[in-house]
Amino acid sequence: MNPDTLIRRLKEAQAELARGLLITPSGRDAFEYGRAVGLYEGYERTWNLIANLFEESERGKFDI
């Protein structure tokens, strides 16, 4: 799989999650807010990690 395709799909899933949380929030308490922020940040960290791994691979540090 192309790394750009993988990152694009993760970003799409992240945007869909954000839209869903804004349109139909489950609750409006601090716990729900923290859960939503954690999910969003999880996507952010995942696609950053994948992008960094592919960059390192292209520089010859290791093979994927």
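Computed from a predicted model, the values in this text were never measured in an experiment. Position 1 is the first residue of the sequence, and the numbers go up from there. Below, all heavy atoms of this structure are taken into account, side chains as well, without hydrogens, waters or symmetry copies.
- Counting only heavy atoms from C-beta outward, the side chains of Arg8 and Lys11 never approach each other to under 4.5 Å.
- Thr5 contributes atom OG1, which lies 11.0 Å from atom CG of Leu10 (distance to the nearest 0.5 angstrom).
- Side chain of Thr46 to backbone of Gly42: a donor-acceptor contact under 3.5 angstrom is found.
- Summarising the local packing, CD of Glu16 is surrounded by 12 or fewer heavy atoms from other residues, nucleotides or ligands at distances under 6.0 Å.
- A donor-acceptor pair is defined here as one N or O able to donate and one able to accept, closer than 3.5 Å; such a pair exists between the side chain of Gln14 and the backbone of Tyr40.
- Using a 4.0 Å cut-off between charged side-chain N and carboxylate O, Arg35 and Glu32 make a salt bridge.
- The distance from the CZ atom of Arg45 to the CD1 atom of Ile50 is 14.5 Å, given to the nearest 0.5 Å.
- Here Ile7 contributes atom CD1 and Phe54 contributes atom CZ; the two are 7.5 Å apart, rounded to the nearest 0.5 Å.
- For the atom pair Asn48 CG and Tyr43 OH, the distance stands at 14.5 Å (nearest 0.5 Å).
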